[in-house]
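Positions are given from 1 along the sequence. This is a predicted model, so every value here is computed, not measured.
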Amino acid sequence: MYRILLIDDDAQLGPPLATYFQRFELELIHALKPSDGLTQLGGGGFDAAILDVMLPEMDGFELCRTIRKQGDLPIVMLTARGEVMDRVVGLELGADDYLPKPFEPRELVARLQTVLRRRRAPGQGAAAGSLEFEGLTIDHARRSVLRQGVVVELTGTEFDLLHLLAREPGKVFSRDDILNQLRGHEAELYTRAVDIVVSRLRKKLEPLDCIKTLRNAGYSLALRRAAP
């Protein structure tokens, strides 16, 4: 059973949500304050976190930034009124997905299952091996990336985007192609999300110049395959 940490100051939200989550083999633990949530996360054993934006002590954005400094735990943010700027900021800070309040519990479960599946699912067929480029190694089975021999910590969304581009280096993927591959047709989509994830990836992969932008077309991986 996956363990999920909800950090939200609404005391009425946790118990019914925890009961609902059990139907899907998800154990939900509820922390009312960021400090309590960070303490619980420090103890380990969680597979994902759900963060509300409006919190006491620190807002959800600062909390997301703090969690990201400690690792790549999947994060879903609950954004107030579905504000686009909240979504953009959350994604820029490293959140894997977002959901506007009020939300349907089934949709929250679906978003969690998606980020967990991306993190946990083993590779299959050709996708399971390592992809070797000049200065970059992508291991799909272990979901790890080495940049010039140094491990790069990526979120699940960042890894999946990089792996998508690396499977067909040089091929141009439009924003719609990327969104459909990474999030599915049923999800609420907007193309700005792709630009945000690409920007994060570029910073993490520096000094390598990995991702090429083709104006009005999309993105492609610009690295050469490593020599055998």
*Side chains of F61 and V53: does their closest heavy-atom pair fall under 4.5 Å?*
yes

*Find out whether L136 and L146 are in side-chain contact, i.e. whether some heavy atom of one side chain is under 4.5 Å from a heavy atom of the other.*
no

*Ignoring hydrogens and angles, tell me if any N or O in the side chain of D139 forms a donor-acceptor pair with the backbone of R142 under 3.5 Å.*
yes

*asked:* Starting from L162, can I reach L214 by hopping between I/L/V/M/F/W/Y residues whose side chains sit under 4.5 Å apart?
replied: no

*Using a 4.5 Å cut-off on heavy atoms from C-beta on, say whether the side chain of L165 contacts that of S220.*
no

_Which heavy atom of M58 sits nearest to which heavy atom of E62, and what is that distance?_
CB-OE1, 3.4 Å

*asked:* Closer than 4.0 angstrom, basic N to acidic O: yes or no for E132 and R225?
replied: no

*Distance from L99 atom CG to K101 atom NZ, nearest 0.5 Å?*
10.0 Å

*Ignoring hydrogens and angles, tell me if any N or O in the side chain of D47 forms a donor-acceptor pair with the backbone of R3 under 3.5 Å.*
yes

_Just verifying a value: how many Å separate D59 CG and L63 CG, rounded to the nearest 0.5 Å?_
8.5 Å

*asked:* Between Y2 and L112, does the side chain to side chain contact (heavy atoms under 4.5 Å, CB included) criterion hold? Intermediate values first, please.
replied: CA-CA 10 Å; Y2 292 114; L112 281 169; over 6 Å; no

_N-O pairing of E107 and R111 below 4.0 Å_ = yes

*Just jot down the side chain to side chain contact (heavy atoms under 4.5 Å, CB included) partners of A95, sequence neighbours excluded, or say none.*
C64, I75, M77

*Find out whether L164 and F173 are in side-chain contact, i.e. whether some heavy atom of one side chain is under 4.5 Å from a heavy atom of the other.*
yes

_Derivation and outcome, side chain to side chain contact (heavy atoms under 4.5 Å, CB included), residues E153 and V145_ = CA-CA 8 Å; E153 294 288 343; V145 173; over 6 Å; no

*Pairwise distance CG(D72) to CZ(R143) - rounded to 0.5 angstrom*: 9.0 Å

*Which heavy atom of K204 sits nearest a heavy atom of T155, and at what distance?*
NZ-N, 4.2 Å

*Could you tell me which non-hydrogen atom of G37 sits nearest to which non-hydrogen atom of I7, and how far apart they are?*
CA-CD1, 3.8 Å

*About how many Å separate OH of Y219 and OG of S174, when rounded to the nearest 0.5 Å?*
11.0 Å

*Do L78 and Y98 touch side chain to side chain, with heavy atoms closer than 4.5 Å?*
no

*What pair of heavy atoms forms the shortest contact from P74 to V115, and how long is it?*
CB-CG2, 4.1 Å

*Identify which one of L108, I4, L6, T114 satisfies the side chain to side chain contact (heavy atoms under 4.5 Å, CB included) criterion when paired with V76.*
L108

*Closest approach of T137 and S130, non-hydrogen atoms and distance?*
CG2-CB, 4.4 Å

*Are side-chain N/O atoms of T157 and D160 paired as donor and acceptor at under 3.5 Å?*
no

*Sidechain-backbone polar pair: E57 side chain, S35 backbone, donor-acceptor under 3.5 Å*: yes

*Could you tell me whether the side chain of R147 reaches within less than 4.5 Å of the side chain of V150, counting heavy atoms only?*
yes

*With a 4.5 Å heavy-atom cut-off, do Q148 and L208 have their side chains touching?*
yes

*Which is it for L221 and C210 under the side chain to side chain contact (heavy atoms under 4.5 Å, CB included) test, yes or no, and what are the steps along the way?*
CA-CA 6 Å; L221 191 77; C210 297; 4.3 Å; yes

*Side-chain heavy atoms under 4.5 angstrom apart, residues restricted to Ile, Leu, Val, Met, Phe, Trp, Tyr: same cluster for L154 and F133?*
yes

*To the nearest 0.5 Å, what is the distance between CD1 (I211) and CG (L205)?*
6.0 Å

*State the CG-CD distance between L41 and Q70, to the nearest 0.5 angstrom.*
7.0 Å

_Side-chain donor or acceptor of R68 paired with backbone N/O of L73 under 3.5 Å_ = yes

*Looking only at non-hydrogen atoms, find the nearest pair between A166 and I138 and report the distance.*
CB-CD1, 3.5 Å

_Is it the case that the side chain of R175 and the backbone of D195 share a donor-acceptor pair, with hydrogens and angles ignored and the cut-off at 3.5 Å?_
no

*Is there side-chain contact between L5 and I50, with at least one heavy-atom pair below 4.5 Å?*
no

Report, one line per pair, each donor and acceptor closer than 3.5 Å where one atom sits in a side chain of residues 13-34; sequence neighbours left out.
unit_1, atom_1, unit_2, atom_2, d
T19, OG1, P15, O, 3.2
H30, NE2, D8, O, 2.7

*Could you please spell out the steps behind the side chain to side chain contact (heavy atoms under 4.5 Å, CB included) verdict for E134 and L223?*
CA-CA 7 Å; E134 293 183 350; L223 296 179; 5.7 Å; no

